[in-house]
Number of protein chains: 4
Amino acid sequence: MVPLPESTSARFFDDSVNGSSASKVPNPRRRSERAHQAILNAAAELLEEVGYADMTIQAIAAKAGVSNKTIYRWWSNKAAVVMEAFAERTANVVAIPNTGSLRDDLLAFIQASFVAHKTMKFGSTMASLVAAIHTDSTLAEAFREQFIARRRAAVRQIFEQAIEHDELSALDLDVVIDQVYGPIFYRLLVGHAPLDNQFAETLVNNLLLGVTKSKNSSKF
Amino acid sequence: MVPLPESTSARFFDDSVNGSSASKVPNPRRRSERAHQAILNAAAELLEEVGYADMTIQAIAAKAGVSNKTIYRWWSNKAAVVMEAFAERTANVVAIPNTGSLRDDLLAFIQASFVAHKTMKFGSTMASLVAAIHTDSTLAEAFREQFIARRRAAVRQIFEQAIEHDELSALDLDVVIDQVYGPIFYRLLVGHAPLDNQFAETLVNNLLLGVTKSKNSSKF
Amino acid sequence: MVPLPESTSARFFDDSVNGSSASKVPNPRRRSERAHQAILNAAAELLEEVGYADMTIQAIAAKAGVSNKTIYRWWSNKAAVVMEAFAERTANVVAIPNTGSLRDDLLAFIQASFVAHKTMKFGSTMASLVAAIHTDSTLAEAFREQFIARRRAAVRQIFEQAIEHDELSALDLDVVIDQVYGPIFYRLLVGHAPLDNQFAETLVNNLLLGVTKSKNSSKF
Amino acid sequence: MVPLPESTSARFFDDSVNGSSASKVPNPRRRSERAHQAILNAAAELLEEVGYADMTIQAIAAKAGVSNKTIYRWWSNKAAVVMEAFAERTANVVAIPNTGSLRDDLLAFIQASFVAHKTMKFGSTMASLVAAIHTDSTLAEAFREQFIARRRAAVRQIFEQAIEHDELSALDLDVVIDQVYGPIFYRLLVGHAPLDNQFAETLVNNLLLGVTKSKNSSKF
DNA sequence: CAATAAACGAGACGGTACGTCCCGTCTTCAG
DNA sequence: CTGAAGACGGGACGTACCGTCTCGTTTATTG
């Protein structure tokens, strides 16, 4: 649920202007589940059909057979609706492998992720959501919890499995996870180069062995 | 100049809908340099004042003392204006070090970059531009050339210096550069963790040595 | 009661579109008198506070501590509620004098009416109700019975007293009554001139004596 | 023109809340006459088709092929648009007779007016405008000048012709004019009785001769 | 050094989405 | 099992910005 984040840990860009919201809060117990799902479905379909930028709240309302007021009652803006629809449909699509080999697990996971990126204009939607979180702190919180934290947890688990198997000594996994997702995210959003198997392999090799050691890694 | 890219190399998300522009092309020789600069200044100021999302072309025009038609004559949309203003003001602010140590050079460069990220709501503006390139192929091309390529070239040079010094054997630098910028870009846009010195150091160490460095890595 | 008129005498503008109301009729014996009065009180207070135009059914409901459904159950629209509240509070406020002098009685009655026009934004409310009756025939019927007929009967009685006293010969009182109320109504609604004593006196004199005779009526 | 009243004579109900309007005033020299006329035409047609109450600014805009902003730029609300359209189309439709007989002139004029009242849902539109002037002082001023003053001037002229012909001695015509229009306006808006020839004749007779004419009126 | 054509400022325009408001109906839940 | 509370679909509101389009005016190349 977007509107009810309970965590409030420190974040690293200012969210400042979201203020407001003193206006009457609706009672969630009376919420129409029919309308709720119709809205998320409409949003997901429009995302495929026209993309985030050309999507409007009025169009979602019309497609869902719902008053625009009903959307505004439960979400603060377009980004929030899309986030919920997008999160719901892209969650848990990638299983976490556990073969005993860190390299194999990581590579398999990354390659599976690439496949998942073909739906719902993934890169473009992600880019739009990322832009939106910079002006809406509530959304930012939800985004980090819905997408970022969950995916990071998966990669973390892969590394922790390796530590458990003694394949790896304990280390600061936060930066390591950034090193896994960072390059992928960067290519996904900037589009300067493709997310293909070769990229995945080189990335994993470099990450595990380091680039100054890779002069010896000709066997890969 | 944004509107006149000549490169058309293959890219990795579809840009499709940018069409149009069959309309009369204005004569750049008659362009008013006064208006040109006034517009870029106004855009840069508004970026600081209200941020990308709350900025409008009409507001830029008003602040620049210019007709909105004059803006539309030379740029295709808000993102294009902002891109030019932003590129002009954030270019070449970071010198490329050459101490003889790859690690030191890389770390110094990254830390200097972090400092440059404090201006013009860097992360937020970047996020907005990244979102915009997904619906405007002309802009995408310009963005990759103005920002991405230039910065990548700097990092590439640092690694090439190391190769020249024999500190490193030749390798596929494209992915390596993604491994430098990816994690930074990821933290910058998602905001889940800060861009601080510790992050820079861990990133550089992991990248150069690999995360499995302390173990016997012969089994890979 | 507004919604239950039994008279259906011919009227002089088309009421056509009032349709509806085939829906289940509530049982008036079960009506909550507490809610009934609370609604009329709330309507009357809002009339004073914000005027007819800025008043909403939702606001009446809120102020009365009543569900909006309860209002819709017993009245067809805002105009009907206001009509009942307004009628209840402006009825019979002016006594009918009987001094033996038609002129004196008429003048006294008119002047007393002017005083009554100071409450509940009388002119403005009247104007709004008059506008409303043109699109709601049920309301129109009620309005003519609640306001118009009652007031006309008062003036009619004054003239009939005069006929009884032989001060006047019998004549078509319908038009005469229009000649009493018409000018007052006209000033009240159009607001081009005040409802003051001088107006009342000139009106009565002209009406009784005629304007072509008034060259002789210098004594007034 | 509605927006440019120059007279500011005292009026008799409070207009209070129209405030504001400090927002930028558009330049009338750049006004599109095409749009202006299209809007008035659309308004007039909608007035005939659906009546004032069921007419919306959006519908006028759509019918006129105009942006709703263009309407709001030049008029403050629906009533103002309708007023201008209505005034333009109902002005000067009744010629002022001058036969030498006050009674004949007045009767002819009134009967001709009745005929003019068949267009554009005259009574209903008038009622709505009258309601509107009670919450919009700018409109009120315009209404009194566009409709009320012009029509009053016509009747005034008829009486002044009679005074010139020595058929009548000079007297306070303001109240006399109220006595002509008042009863008509009252029947027009309230609809309790028709505007027919008999009404016109009785009204004129009573007005000129007085209702006590047949008796010895010296006691008044 | 005109003249002439283009860019310019100003800003109205058609269009469309915004987010708010109220309507009148329908659903839920507490007494 | 009534009735308050209030969410709902519908739709108009008035605002804002978009990008296009006149208008004159200014400016700078060209003949």
Side-chain angles (χ1 to χ4, degrees), chain A residues 23-24 26-32 34-36 38 54-62 64-74 76-78, chain B residues 20 23-24 26-32 34-36 38 54-59 61-62 64-78, chain C residues 20 23 26-27 30-32 34-35 54-59 61-62 64-73 75-78, chain D residues 23-24 26-32 34-36 38 54-62 64-74 76-78:
Chain A
S23 66
K24 187 132 52 69
N27 182 347
R29 304 209 346 243
R30 320 200 83 178
R31 182 170 196 174
S32 159
R34 187 189 62 68
H36 187 174
D54 289 344
M55 185 176 171
T56 69
I57 295 236
Q58 326 289 310
I60 299 172
V66 140
S67 164
N68 65 358
K69 181 59 186 288
T70 299
I71 298 184
Y72 287 115
R73 200 186 331 270
W74 301 108
S76 58
N77 51 46
K78 177 172 74 163
Chain B
S20 76
S23 65
K24 185 134 49 65
N27 181 349
R29 298 191 13 226
R30 311 202 61 164
R31 181 169 196 175
S32 157
R34 186 191 63 69
H36 187 172
D54 289 344
M55 185 176 172
T56 70
I57 294 231
Q58 328 287 314
V66 142
S67 165
N68 66 357
K69 181 63 182 283
T70 299
I71 298 183
Y72 287 115
R73 201 184 333 267
W74 303 106
W75 292 274
S76 58
N77 50 46
K78 176 173 75 166
Chain C
S20 75
S23 64
N27 181 347
R30 313 201 61 164
R31 181 169 197 173
S32 156
R34 187 190 64 69
D54 290 344
M55 185 176 172
T56 70
I57 294 233
Q58 327 287 315
V66 142
S67 164
N68 64 0
K69 182 61 184 283
T70 300
I71 298 183
Y72 287 116
R73 204 189 326 275
W75 292 273
S76 59
N77 51 46
K78 177 172 74 165
Chain D
S23 67
K24 185 128 56 62
N27 181 347
R29 302 208 348 242
R30 319 201 83 181
R31 182 171 196 173
S32 158
R34 186 188 62 68
H36 187 173
D54 289 345
M55 185 176 172
T56 69
I57 294 234
Q58 327 290 312
I60 299 172
V66 140
S67 164
N68 65 358
K69 181 59 187 289
T70 299
I71 298 184
Y72 288 115
R73 196 183 338 266
W74 301 108
S76 58
N77 51 46
K78 178 172 74 164

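In the text below, chain A, chain B and the rest are named by the order of the sequence lines, each starting its count at 1.
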Starting at the 5' end of DNA chain F, which residue's closest nucleotide do you reach first, Asn77(D) or Asn68(A)? Asn68(A)
Distance in angstrom units between Arg29(A) CZ and dC8(F) C1', rounded: 18 Å
Taking all heavy atoms of Trp74(D) and all of Pro28(D), pick out the closest pair and write down the distance. CH2-CA, 3.8 Å
How long is the span from the CZ atom in Arg34(A) to the OG atom in Ser32(A), to the nearest 0.5 Å? 5.0 Å
Rounded off to whole Å, could you give me the OH-to-C1' distance for the Tyr72(D) and dC13(E) pair? 17 Å
Rounding to an integer number of Å, can you tell me how far Ile57(B) CD1 sits from dA16(F) P? 18 Å
Side-chain N or O of Ser32(A) less than 4.0 angstrom from OP1 or OP2 on dT27(E)? no
Rounded distance in Å - NZ (Lys69(C)) to C1' (dA5(F)): 13 Å
Does Arg34(B) reach a base, just sugar-phosphate, or nothing at all? Heavy atoms under 4.0 Å. sugar-phosphate
Rounded to the nearest angstrom, tell me the gap between atom CD1 in Ile71(B) and atom C1' in dC17(F). 13 Å
Given atom CE of Met55(D) and atom P of dA12(F), what is their separation to the nearest angstrom? 14 Å
On DNA chain E, compare the nucleotides closest to Ala59(A) and Arg30(A); which residue's is nearer the 5' end? Ala59(A)
Distance from His36(D) atom NE2 to Ile71(D) atom CD1, nearest 0.5 Å? 11.0 Å
Determine: side-chain N/O of Trp74(B) to OP1/OP2 of dC8(E), distance under 4.0 Å, yes or no. yes
Can a side chain N or O of Gln58(C) be found less than 4.0 Å away from OP1 or OP2 on dC23(E)? yes
Would you classify Arg73(A) as touching base, sugar-phosphate or nothing, given that sugar-phosphate means primed atoms plus P, OP1 and OP2, and contacts are heavy atoms under 4.0 Å? base
Ile57(C) versus Lys78(C), closest heavy-atom pair with distance: CD1-N, 3.7 Å
Distance test, side-chain N/O of Ser67(C) to OP1/OP2 of dA5(F), below 4.0 Å: no
What is the minimum heavy-atom distance between Ala38(B) and Ala64(B), and which atoms define it? O-CB, 3.5 Å
Whole angstrom value for the distance that separates P of dC8(E) from NE2 of His36(B): 11 Å
With nearest nucleotides of DNA chain E determined for Ala35(D) and Thr70(B) from heavy-atom distances, which residue corresponds to the more 5′ nucleotide? Thr70(B)
Separation of Asn27(B) atom CG from dT27(F) atom P, in whole Å? 18 Å
